[in-house]
Each structure stands twice: as C-alpha cells, then as structure tokens.
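Accompanying notes for the structure given below.
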Amino acid sequence: MKDLKKNFITTFTIGGVLLVGIIILVNMIFDNINFGRFDFTSGRVYSISPATENILASLEAPIDITYYVSSSEKMPTKWKNLERDVIDILKELKLASKGRLEYTVFDPSVEEEKEAVEAEREEEAKKEENKDEKGLTTQKKQETQKKIAQRLYEKGVIPFGVQSTERDEFAVKRVYSSIVLSYLDRKEDVIEEVRPETFGSLEYEIMSRIYKLVSPKRPKIAFYPGKPEIPPYMRQQYMMRQQEPPDFYEMPVQLLKEAGYDVTRINIKKEEPIPEDITTLILMVDQSISERQRYEIEKALHRGVNIIMAAQNFNFSIQPSSNPPNTYNVMPQNLYLNVSDMTRNWGFEIDNKIFMDRNAGFISVPVYQMRNMGIFQVREQRMEPVSKPVIIRVSPANINSEVSISNKINELFYLYGSKINLIDDVINGEKVDKSTILFTSSQHSWTRDAQGYGPVNTQEPDEDSMLKYQPLSIYLEGKFPSTFANMAKPDWQKDPSSPDSENEASAPDTLRENLGEAKTAKIIAFGCSNLFKSQVLENITSHRALLLNAVDAVSLGEDLINIRSKNISLRKIEPTTTGEKFWAKFLVIWLMPLVFIGLGIYLAIVRKNIVKQKINAMKVRG
C-alpha cells in the first residue's frame, strides 16, 4: 500500500513538472508569433479599417506617437479604462504599420513626482551644507511642476477639467489625455483631448493628422465669402448707420486654421481671384453669384479643385402673433439665389420652395411684455422656446454612417434649410463616377410655395402628400467640364459699394481660355448655409465635426473617406413584456423542478422495467 502511494506521488510530481515545462516551452516558442486579435464588439471598435493599413504601409519614414495621459488612479470612474483602450488602438496601428509607427505612453504626473523627488534630494544635500535655508523644497517642487507643464504646453498638451462623482461628491478633476504625432522635422500635430465619448473616432483623428504630416505641403483652401459683403437689399441701411456687416463665417475659418489648413478668404472678384494652388474651394452662398464668379468656380472645378458648397433659398424670422395670442408667425425672407443654374451641370439643384419637417428643433425667440411698476410701465423681455417645422432637426437614423464624413454625427440642426433635388440624368451619366447621400429629412416632410409677404402656413399636409427622406446633403465624385469651355469670359461685375466704381473702366474680357480636359474632382453639397455659421458652430459640436470631416475627406485623399468612425454601442435594458416575464419565471422557478420530476419518473419507469425483466428471467429459469 505504501509503495502504491509512493509511486502515485512520484508519478504525479513528474507529470506536473513535465506539464509546467511543456507550457513554458510552448509559451517561449509562440511568444514572438502574432496570431492576430479577435474583436467581437458590435461596431468593431478595436479593429482598424483596411484603408488605414494602406495608408500606414505607404509611410516612407517612421512616425512617432506619444500619448500623454494621467494614471487611471487619478481618472474619474468612466475614464479609468481609457488608457488601456487607447493603447489597444495604438498597438493595432503599430502592427499594421510593420515597424513604421512607434508609440510611447507618458504620464506627466509621474514625471513631475520623479523630478520633485530628485529636487528634494538636492535640497537635502544643500541643507546639510547650509542649514539656514528653509522652505526651498516646496518652492523647488512647484518650479519643477511649472517647467514640465510649460514644456507640455509648448507642445499643445494642456490638462483639462472633467467631471467626477465619487462617494456622493461632485468635483472637477484636471487630467491629461492628449496625443502628439511627430514626423521627421515637421511641426508636431496634437489631438488635444482624447475622451471616452470620442474614442470611436480616434482612428480617424490619428489618420487625418498623419495625412497632413506626411504630405509635402499642407492643403490650401479658399473660403468664400472673404471680407463680409453687404447684401444689395441692406446696403443703404448699413450706409445710413455707418456700420460694418457682421462676419458670419469667422469661426469656421478659425477652425480650419487650427486644424492645420492654409486658408485664404476670397470674394471671387477681380482683385480677389480664386488662387491657382488650392486643393479645396469652400462656398458659403448667401446671395446670388455673378456670371463671372460662376465662370471662375466652374473653371476651378474643371481643373480638379474640390468644392464644398452650402446654400439655402430662405431665411425666416419667427415673431409673436397677437391673433391668436400665444402663437408665432413664420415670416419668410427669399434670398433669390441663382446657384442652381450652376449646380444643375453637377447633378443637383437647391429647391426653390420652403422646406419643412415634422422632426423639428427649438430656438429661443425674444418676447416683450409691459409690466406695471407703480405709476410706470416697464417693457420686459423674456426668451421663449419655439418649435416650428422650418427648424429642421436631422436625427441620427437619417445620417449616413457608412462614410467618415457623416459618421459619428449625433444630430444636426438644419436651420431654415432647403432640400436638394437630384438630377438623375446627370447623376447616372458619364460625368459622375460616385454619388452618396450624406443625410436626409425624416419620412414626414413637405414643401410650401413662398407667396407674398405674409406668414407661411406651417400646418402639416395629409399623409399622402408627405415627402419621404428628401436628400439634404450629397457627395459627388467625377469629372465636371465647365459650361464656359468654348465661350468668352464674362465681364467682372462692378462693385457698387466701392467709391470709385463709377470711374472704373471695365474693358470687356473677350479672350477664350483653353481649359483642357476636365480632371477628377469631388463635390460635397449642403442645402443649408446656416449649418456652418459662427453662432451655430459655437453651440453645436456636431456641426464643427461635420465641417472638419468634409474638408478632411476631400482634401486629404480618397482612402480617408473609407475610414469609419466607430461608435461604442450603449446597450439599454428595455422594459420586459408580460410574455418575457412569464418565461423568465418559468425558467427560474419551474423549469428545474419539472426537469427533476421528469427525470425521477423516467428513472422509476426504467428501474421498474429492469425489475420486471429480472423476475421474468428467474421464472424462465425456475
């Protein structure tokens, strides 16, 4: 018995040692072999796009990425996994680049602590030499932290505040979470804030910046309008008031410059022509364009300049109505744009009717009322939220998530915009190689004719008259020959606001320009210029993202359009139905008892049959 026990122990020990040895050996053999990773998330959040692999494979020199992030212990609860998630993406990019991309993770607070400790040791050594010095250690720590913060600030890495709720306490923590990209001797590019809510677009953010770093020249963009121009119907009013018109597009230009683009503002005049070396022309059309301006725009598109255009045919003022009280009138202002004369050649036109949608947003309208204060009456103002069908809200369900231009856009406020009419003969013809609708209206939209100067009827039509999913933005790619190819150049229009306009001698420009063969270009059109006005961009982040995505997509290359921003799915527990509750109770309470009862009955029957068989066998033998 003792020998058996001894043999068992020996065999078990040898087997255990061999098993551990085999595991270590297999681990050593396969340590440097990459079998890939499996991403089972619904949006494939941790898998990079094939287009990203193509871009990284084309890098001629290594690119360095540094992720500056505070430790997870100092992060709010929902930020604690951010560092791990970002590192996972950086690992995937490193593998796809095949050694052309390296990354480093740096915690500024740890570095501050290290330098502070070293400074403290130096101070201790000084104190032994001169014991009269006091309070220098704390001062040295503060100076060290300031030096590190200053170095990071110069790179564009700045700590920012995030809300934190822990142990029933609400606080704001200042944390680091920024990415710096370096390539050769070019200026570093920075993703200033990497947040959990924007993690899905991180791949796109990194790749768009790599595009800019790798490109020998930063893409140049022309932005129309340039200096704010006074609309013809308001020129006399501004001259009487001696005021300058407001600049509605100051913020979009600033955003593009901060994103690394070289932006030139132009009014497409003889003195402000479209530059020859631009990549993209942005047109925010709020008034009619002249024949010569149209010629210059079509000429730029003919030679391969990409165009982003936003135009709408109406603006509105929403005013309180006294009949009936507590209601609001929608007063239209027709802009009388002629831009559709140009865009029909591209495959679309801006509809000339007032467009409305049941899915409407809110704006604040000033309401005035008189209030008695003793013997005086005071006029008071309050802001009243008003919803009208011309304040169109584009829901996520109606936004195309298959392209990076519009993916990750939560919702849009299509303020007073027009619908886009597609011209099928052109879209399906030889000019257009590719067309994609970026977002649409809801299935309950309609139009009204603009008649007279009175308020617009905003009542919904019957269900049969509803328009379903009308295009509001479109992406086109192809060759768009100029309609002026074999015609003389139109004359430049005189500027009536110029004091010397009457004395200007404008000789007709009858020269015919040989434009050559049309080159491939891209067009992104929006039926609403209010989308990108400064006041709107200041308040709605999704509009800023849409503008930058559109410019990146047409200016930085074809592959970038195919890089999808990933959405992290937020799964909500839906209310359970009566049937679901019944089956849940059945599975939890009744299923196992019924299984045991059925199994017991089955075993009893089997046992009874076995006993009968044995009794019958004994009778046969007896």
By side-chain contact (heavy atoms from CB on, under 4.5 Å) - contacts of [X] (at least two apart):
X: Thr447; answer: Asp351, Lys353, Phe355, Lys419, Leu467
X: Gln443; answer: Lys468, Tyr469
X: Gln535; answer: Asn539
X: Thr458; answer: Val330, Met356, Lys388, Pro389

Side chains of residues 583-594: which donor-acceptor partners sit under 3.5 Å, not counting sequence neighbours?
none

Quiz prompt | side chain to side chain contact (heavy atoms under 4.5 Å, CB included) between Gln613 and Asn616, worked out | solution = CA-CA 5 Å; Gln613 289 175 2; Asn616 293 333; 5.6 Å; no
How would you list, by chain and number, every residue that makes a salt bridge (Lys or Arg N to Asp or Glu O under 4.0 Å) with [X], sequence neighbours excluded?
X: Glu83; result: none
X: Arg195; result: Glu193, Glu197
X: Arg382; result: Glu384
X: Glu205; result: Arg209

Kindly give the heavy-atom pair with the smallest separation between [X] and [Y], and that separation in Å.
X: Thr440; Y: Val394; result: O-CG1, 3.6 Å
X: Thr52; Y: Met207; result: CG2-SD, 3.5 Å
X: Ile405; Y: Ile409; result: O-CG1, 4.2 Å
X: Gly417; Y: Cys528; result: CA-CB, 3.8 Å
X: Pro62; Y: Tyr183; result: O-CD1, 3.7 Å

Test item: [X] and [Y] side chains (from C-beta on) under 4.5 Å apart, heavy atoms:
X: Ile179; Y: Thr66; value: no
X: Ile65; Y: Val180; value: no
X: Leu531; Y: Tyr414; value: yes
X: Asp64; Y: Thr104; value: no
X: Glu188; Y: Ser182; value: yes
X: Ile87; Y: Tyr103; value: yes
X: Tyr328; Y: Ser321; value: no
X: Ile420; Y: Ile350; value: yes

Has [X] got a side-chain atom pairing as donor or acceptor with [Y]'s backbone, closer than 3.5 angstrom?
X: Ser70; Y: Tyr176; result: yes
X: Gln312; Y: Ser529; result: yes
X: Ser72; Y: Lys80; result: no
X: His543; Y: Phe413; result: yes
X: Asp552; Y: Ser208; result: no
X: Ser555; Y: Val551; result: yes
X: Arg448; Y: Asn457; result: yes
X: Asp357; Y: Ser442; result: yes
X: Ser387; Y: Phe362; result: no
X: Asn359; Y: Arg393; result: yes

Quiz item: Hey, what do you get for CG (Leu101) to CD1 (Ile210), rounding to the nearest 0.5 Å?
Solution: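 The CG atom of Leu101 sits 5.5 Å away from the CD1 atom of Ile210.
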Quiz item: How many angstroms lie between atom OH of Tyr475 and atom CG of Asn400, to the nearest 0.5 angstrom?
Solution: 12.5 Å
Practice problem: Go through the steps for Leu181 and Leu213 under the test side chain to side chain contact (heavy atoms under 4.5 Å, CB included), then give the verdict. | Solution: CA-CA 8 Å; Leu181 298 93; Leu213 287 170; 3.6 Å; yes
Self-check item: ring-ring contact (aromatic ring centres under 6.0 Å, His included) between Tyr68 and Phe106, worked out
Solution: CA-CA 5 Å; Tyr68 295 90; Phe106 183 86; 5.4 Å; yes
Side-chain donor-acceptor pairs under 3.5 Å in residues 459-466, sequence neighbours left out?
{"residue": "Glu460", "atom": "OE1", "partner": "Arg358", "partner atom": "NE", "Å": "3.3"}
{"residue": "Glu460", "atom": "OE1", "partner": "Arg358", "partner atom": "NH2", "Å": "3.0"}
{"residue": "Glu460", "atom": "OE2", "partner": "Arg358", "partner atom": "NE", "Å": "3.1"}
{"residue": "Asp462", "atom": "OD1", "partner": "Asp464", "partner atom": "N", "Å": "3.2"}
{"residue": "Asp462", "atom": "OD1", "partner": "Ser465", "partner atom": "N", "Å": "3.1"}
{"residue": "Asp462", "atom": "OD1", "partner": "Ser465", "partner atom": "OG", "Å": "3.1"}
{"residue": "Asp462", "atom": "OD2", "partner": "Ser465", "partner atom": "OG", "Å": "3.4"}
{"residue": "Glu463", "atom": "OE2", "partner": "His444", "partner atom": "NE2", "Å": "3.2"}

Quiz prompt | Ile318/Ile363 under side chain to side chain contact (heavy atoms under 4.5 Å, CB included): CA gap, chis, key distance, verdict | solution = CA-CA 9 Å; Ile318 299 178; Ile363 62 170; 3.7 Å; yes
Quiz item: So Lys612 and Asn609, side-chain hydrogen bond (donor to acceptor under 3.5 Å, both in side chains) or not? Walk me through it.
Solution: CA-CA 5 Å; Lys612 283 183 178 181; Asn609 290 334; 5.1 Å; no
Quiz item: Of all residues at least two apart in sequence or in a different chain, which pass the ring-ring contact (aromatic ring centres under 6.0 Å, His included) check with Phe439?
Solution: none
Exercise. For Phe316, check ring-ring contact (aromatic ring centres under 6.0 Å, His included) against everything at least two apart and list the hits.
Key: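 Counting only residues at least two positions away or on another chain, Phe316 forms a ring-ring contact (aromatic ring centres under 6.0 Å, His included) with Tyr416.
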Quiz item: So Tyr67 and Ser177, side-chain hydrogen bond (donor to acceptor under 3.5 Å, both in side chains) or not? Walk me through it.
Solution: CA-CA 7 Å; Tyr67 180 35; Ser177 183; 3.1 Å; yes
Quiz item: Under the side chain to side chain contact (heavy atoms under 4.5 Å, CB included) criterion, do Ile427 and Leu476 qualify, and how do the steps go?
Solution: CA-CA 8 Å; Ile427 295 288; Leu476 300 172; 3.6 Å; yes
